[in-house]
Every structure is written in C-alpha cells, then in structure tokens.
Amino acid sequence: MTKADHKALWSGRFTEATDAFVTAFTASEHYDRRLYREDIRGSKAHARMLADRGILTEADARAIVDGLDAIAAEIEAGDFPWDPALEDVHMNIEARLTARIGDAGKRLHTGRSRNDQIATDVRLWLRAEIDTCIGLLRHFQRGLVDLAAREADTVMPGFTHLQVAQPVSFGHHMLAWYEMLVRDEARLADARVRANQMPLGSAALAGTTFAIDRQQTCAELGFDAPTRNSLDAVSDRDFAIEFVSAAALAMTHLSRMAEELVIWASPLTGFIDLPDRFCTGSSIMPQKKNPDVAELVRGKSARVQGALHTLLTLMKGQPLAYNRDNQEDKEPLFDAADALRDSLRAFADMVPALTVNRERTRTAARAGFATATDLADYLVRQGVAFRDAHEIVGRAVALGVETGRDLADMSLDELQGFSPAIGEDVFEVLTVEGSVAARDHFGGTAPAQVRAQIEAARRRLGAD
Ligand code: ARG
C-alpha cells in the first residue's frame with residue numbers, strides 16, 4: 001500500500017475515505033512521536049501482561065516485544081517511515097509492528113485504547129522530565145551555594161523599590177535565590193507524586209472485559225499505583241497542569257534572577273561580569289557584550305505562563321471522559337518542559353561563573369545612605385524613640401544629599417548637631433561592613449549567618 005491509500009486502523013464503519021484536510025488537521029504524529037520510547041515501553045508491558053494472563057499466546061507476545069524493540073532501533077536510527085495519515089505515534093507504531101510481524105501485531109491493542117495509552121505515555125514521559133529538572137535544580141542550587149561561600153563577605157546594596165535600602169552580603173542575595181529554587185524543587189517533587197499513577201487498563205473509559213492484571217503493568221512501568229477510576233484516568237490532565245504550574249513559578253523565579261543579572265551586568269551598576277562564553281555581541285556596535293542568555297530566560301518565562309493558561313483553558317470545558325481536545329495538551333506541555341530544562345541548564349552553568357566587582361558593589365552601598373537605618377537603631381539604643389530617631393536621621397541624610405557626602409563622611413560635631421545622643425562610637429555603625437555584620441540573627445545578612453546557612457544548604461545537598 002502506498003501512503004495515499006492507507007486504510008485508517010479504525011476504517012471499518014466508514015463508507016468514504018477521510019477528507020485529506022481532516023487527516024492533516026487531526027494528525028499529531030509530528031509532535032507526539034516524541035513519546036515513542038514511552039509508547040513502546042507501555043506496549044511491551046501490556047503485551048507481556050496479556051500473555052501472563054493467557055489473553056495472548058507466549059509466541060505472539062514474544063513477537064510483539066521483539067518487533068517493538070526493532071521499531072525502537074529503527075526510530076533511533078532515523079529510518080522509521082512516519083506517516084501523518086496514521087494520525088499519531090500509537091498508530092504509526094502499531095501499523096509498523098503489524099507490517100513487520102503480521103497478525104500478532106493486530107492483537108497488541110487487545111484490552112486497551114489509545115485513551116489509556118496516551119495518558120500512560122504522557123505520565124511516563126513527564127515523570128522523567130521532572131527528574132531531569134530536579135537534577136538541574138539541584139545542580140544550580142549547588143552552584144549558588146558555592147558562589148555564596150565565595151562572596152559571603154562581599155557588601156552590596158540591598159534594594160527596595162530599586163532604591164538603595166540597606167547593605168547586604170552578596171552571599172545572602174545568592175542564598176535568597178537558592179531558597180526560591182528549594183521551593184521550586186519541592187513543588188516539582190510533589191507534582192511527580194500525582195503524575196506517577198498508571199492509567200493503563202482504563203481502556204477507552206470504562207475498563208475492559210479482559211481479565212487484565214494492572215498491578216503487573218504498574219510494577220513493570222515503575223508507577224506507584226494504578227489509577228482508581230477509569231473515567232478520571234483517561235480524561236483528566238491535572239497532572240500536566242500541576243507540572244506546568246510548578247514550571248511557570250520556577251520560570252518566574254528564573255526571570256526575576258535574569259532581571260537582576262541584566263541590571264548588574266549593565267555599566268549603569270557594573271556589579272558583575274558575566275563570562276564571555278555566555279554573552280553575545282552586536283552586529284553593529286563593536287563594544288557591546290550583551291547578557292542575551294539572561295534575557296532569553298526572562299523571555300521564555302512568558303512561554304511557560306502561556307502554556308499554563310492554555311492547559312487550564314483546554315481542560316475547563318471538558319465533560320467526562322476522554323475528548324480529543326486533550327491532544328492539544330502536548331505542544332504546550334513539551335514547550336514548557338523544554339523551556340524550563342534549557343533555562344535551568346543555562347543558569348546552572350552561567351550564574352556560578354559570574355565575577356563580582358566588589359569595589360563597585362561596596363561603593364554603591366556607601367553611596368546611597370544605606371546605613372541610615374543603622375544610625376536610627378543606634379539612637380534608639382541611646383534612648384531616643386524610633387520615630388524621633390527616624391526624623392533626626394532624615395535631616396542628616398538631607399544634609400548629605402545637599403553636600404554630596406555619606407553619613408560616615410560627616411564629622412562628629414556635625415552629627416551631634418542633629419542629636420546630642422550621638423557619641424564617638426557612632427562611626428562603627430556607619431560602615432557598611434558594620435551594618436551587615438550587625439544583622440546577626442537567624443535569617444539575617446551577617447556573614448556569620450550566611451555561612452551558617454551555607455553549611456545547612458551543603459548538608460541538605462550532600463544527601464545525593
Ligand atoms: N492523539 C490522541 C491524544 O493525544 C490519542 C488518543 C486518541 N483517542 C481517540 N479516541 N481519538 O489524546
């Protein structure tokens with residue numbers, strides 16, 4: 001048979017051939033072929049189970065398993081004759097199997113449907129993707145902890161409203177990113193628990209009349225348990241939505257980091273240098289070194305948020321059980337997984353390799369009256385009420401703005417003009433190092449606390 005006059009595997013009840021446009025419109029093989037490994041793995045487990053239950057002969061099951069292995073090799077070698085007229089990955093593989101091994105191939109679909117087959121394939125695929133992303137997240141976490149250790153004593157301005165607020169340790173800032181990634185990892189691990197349930201055996205929607213053994217296929221495919229309701233199992237894609245939701249949140253975190261990297265790499269701040277191998281140049285401006293990787297990560301976060309929106313909307317109008325709408329889940333799901341994986345990989349390699357211009361970060365922290373709160377706290381310790389102290393320091397800052405000086409650059413006389421409670425020891429709290437070191441409690445930015453958190457993070461990461 002040539003491709004053009006293929007009979008669809010479901011053509012029995014039809015009296016005319018499918019419209020050519022409809023064939024193209026309904027086809028998904030050009031993207032769901034990505035699931036061929038999972039599809040073959042599920043089919044092999046199904047065939048072996050059918051044989052163990054006496055539903056297939058041993059000889060047929062062996063022919064099916066060997067045939068599927070040969071097809072996997074064919075696909076990997078790029079020799080598989082993918083055919084959009086066969087709709088999807090399932091029917092492409094089944095048709096090829098029958099072409100190779102004859103009638104045994106036609107028996108493979110006994111007691112199952114493409115509805116439980118696709119739900120099983122996607123869960124198998126997603127489980128592996130989640131594991132990859134968790135591995136990359138941990139790799140990135142390790143890199144951030146190492147960077148934090150290198151820069152624990154580096155002072156930089158901490159910002160609120162992107163205005164200089166208080167000095168912080170650069171290491172503390174890196175550990176803030178690390179904490180975001182710890183939660184992202186936990187969300188992915190949690191999504192994996194619910195993804196790792198096996199729909200196979202739910203058949204089209206109601207189960208099958210054959211005496212199948214779902215525990216056997218479940219164990220062979222490494223699922224935690226078979227799903228408990230066939231209608232639910234073939235229809236809901238909440239597991240995919242949960243993954244994309246966790247991915248969207250992780251990408252939101254990466255996007256925020258990207259934004260900071262772009263600001264810090266700009267000559268406007270000059271806080272960091274990114275390695276040349278992660279930057280690109282301009283085709284017209286010879287001097288340019290652009291942080292394109294960070295910008296692309298920030299940009300890709302939009303795709304993942306879009307995918308989440310698509311999947312939620314795809315699901316909301318669907319009555320039980322399976323509807324073809326669900327075929328539309330794959331492209332956004334694949335795209336979200338690709339974006340998260342690639343972004344994590346890029347940042348895990350790039351961010352720990354950045355260098356900090358410590359003089360620039362320190363100068364910036366000094367330039368913005370970052371120790372004003374420290375002076376207010378000092379006055380409180382001398383018995384001044386905090387609101388009054390706030391007012392006094394505000395006036396001192398106004399003088400600094402007017403005369404172009406930091407608080408630490410003023411004389412004791414000048415400072416005492418604002419409050420007689422100020423003594424010689426005030427200069428200790430006005431240095432940026434003193435300010436950072438003074439925030440010495442659990443969760444604070446003092447280098448001693450940063451080092452304690454680094455130890456804790458290393459213990460946690462050392463577990464694997
Ligand atoms: N390509 C389909 C999907 O992705 C597979 C299931 C098709 N089932 C059906 N009854 N047409 O959902």
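Whatever order the structure lists ligands and atoms in, that order sets their numbers, starting from 1.
Proximity of Q117 to ligand 1 is not established, as no heavy-atom distance is less than 4.0 Å.
When the options D116, D88, D121, D32 are ranked by their closest heavy atom to atom 5 (C) of ligand 1, first place goes to D88.
In terms of polar-atom proximity, defined here as any N/O pair under 3.5 Å, R237 makes no such contact with ligand 1. Annotation: N115 places an N or O atom under 3.5 Å from an N or O atom of ligand 1; distance criterion only.
Residue, atom and distance of the protein heavy atom nearest to atom 1 (N) of ligand 1 are Q327 OE1, 2.7 Å. With respect to atom 7 (C) of ligand 1, the closest heavy atom belonging to the protein is Y322 OH, 3.6 Å.
Using a 4.5 Å heavy-atom threshold, the side chains of L254 and L181 count as touching. Between F140 and D349 the shortest side-chain heavy-atom distance does not fall below 4.5 Å.
Aromatic ring orientation, W264 versus F271: tilted (interplanar angle from 30° to 60°).
By the 6.0 Å contact criterion, CD on Q287 is enclosed, its count of non-hydrogen atoms from other residues, nucleotides or ligands being greater than 12. The number of heavy atoms from other shown groups lying within 6.0 Å of NE2 (H309) does not exceed 12.
Judged by the 6.0 Å and 45° rule, R127 forms a cation-pi pair with F223. Cation-pi geometry between R34 and F334 is satisfied (NZ or CZ under 6.0 Å from the ring centre, within 45° of the ring normal).
Near R324, meaning under 4.0 Å from one of its heavy atoms, ligand 1 places the atoms 11 (N). Short contacts between ligand 1 and S28, defined as distances under 4.0 Å to a heavy atom of the residue, involve ligand atoms 1 (N).
Looking at K330 against ligand 1, only its side chain comes within 4.0 Å, counting heavy atoms.
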